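What follows is one structure encoded as structure tokens, with my remarks underneath.
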Amino acid sequence: MSQLWKVARMIEDFPRFKYHPDPLTTGVFVALKGQCPVCNQQTAYRYVGPFYSETEVEGICPWCIHSGAAAECYDLMFVDEDEVEPVSQPERVSELTKRTPGFFFPQGDRWPAHCGDYCVLLGSVSWNNDLSSLPGVKEDLSRIRARLEVTDDLLRADLCRPNSPLRAILFRCEKCLTYQLVADYE
Ligand SMILES: [Zn+2]
Ligand SMILES: [Zn+2]
């Protein structure tokens, strides 16, 4: 009974991450009970995303990422600061790298910034999401095509293919609401 209550409360209290708003859907947290190594509390969720640290640490709870306690305790980053686009406010860099759950990028691609702030990670996408109609995506597709040196047909085919080695990750700028697409072969 008390267990059930605890889990219910935790779903309601799940922290809101500005740059990664739905980390349960993107898969970097799993619903699995355990003890968080930072706060030592029982938690219903464990972090299974990337982190950059000297120490191996497992089972961090979302609250300890959100508060910065995990980053401080283990001197770690969840998003590598060398793999983010530059923005002028250091506070925004530290919120993204130390207080935001990370995401596995195909090839060390960079977390995009737009209008002076980091874009919000929406998750992995395929062509079926009507990508090209989203504002900003057409430009990104032609940039990606040029960088990967592939034809438009091949790029589209690889974006549609199930289990494709080409992974595309969609972001949105919350200021101007244009989309940013990052895509690379794994
Ligand atoms: Zn914790
Ligand atoms: Zn923008």
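Bear in mind the structure is a predicted one, so any value in this text is a computation, not a measurement. One-based numbering, in listed order, for ligands and for the atoms of each.
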Tell me, which N, O or S atom in H114 is closest to the Zn ion (ligand 2)?
ND1
Check whether the ring centres of [X] and [Y] lie less than 6.0 Å apart, and answer yes or no.
X	Y	result
Y19	Y118	yes
F51	Y74	no
W111	F171	yes

SG (C36) - the Zn ion (ligand 1) - SG (C39) angle, nearest 10°
100°
R161 and D158: CA distance, side-chain angles, deciding distance, salt bridge (charged side-chain N to carboxylate O under 4.0 Å, His left out) verdict:
CA-CA 5 Å; R161 204 141 62 85; D158 275 351; 3.0 Å; yes
Can you tell me if C173 has an N, O or S atom under 2.8 Å away from the Zn ion (ligand 2)?
yes
